[in-house]
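I have placed the structure first, in the form of structure tokens, so that the comments after it can refer back to it.
When reading the values below, keep in mind they use all heavy atoms of this one structure, side chains included, and skip hydrogens, waters and symmetry mates.
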Amino acid sequence: MSIFLEFIPNLFLALAFDFILYITGAGVLRVISFGLFKYQLHSYSKYKEFKGKANNGYLMPYIVGILFYALIIVSIAWLN
């Protein structure tokens, strides 16, 4: 049981990163597409609820969020 309790904070941390990547990706898609892609920006509790029901609309903003942060890291490494 104690092993299970060790993984609970890691699960919440992973879900928080998932939420941050989704919000960033949705924001970047809105800016780049000049508002044509209108992914909803849910609160954290709504995001957990909708994410558990279906994964259909969350993959594209999530990948864009990952690529955005990867681009920032690469550009910092390149400029230093």
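Side-chain contact between Leu67 and Leu71 is absent, with no heavy atoms from C-beta onward closer than 4.5 Å.
Under the 4.5 Å side-chain heavy-atom criterion for grouping Ile, Leu, Val, Met, Phe, Trp and Tyr, Val64 is not connected to Ile73 through any hydrophobic cluster.
Atom CD1 of residue Ile23 and atom OH of residue Tyr62 lie 13.5 Å apart, to the nearest 0.5 angstrom. Interatomic distance, CZ of Phe68 versus CG of Leu29, reported as 11.5 Å (0.5 Å rounding). Taken to the nearest 0.5 Å, the OH atom of Tyr69 stands 7.0 Å off from the CG atom of Leu21.
In this structure, the side chain of Ser75 engages the main chain of Ile72 through a donor-acceptor pair within 3.5 Å.
Taking both residues in full, the closest heavy atoms of Ala26 and Pro61 are given as N-CB, 3.7 Å, listed atom of the first, atom of the second, then distance.
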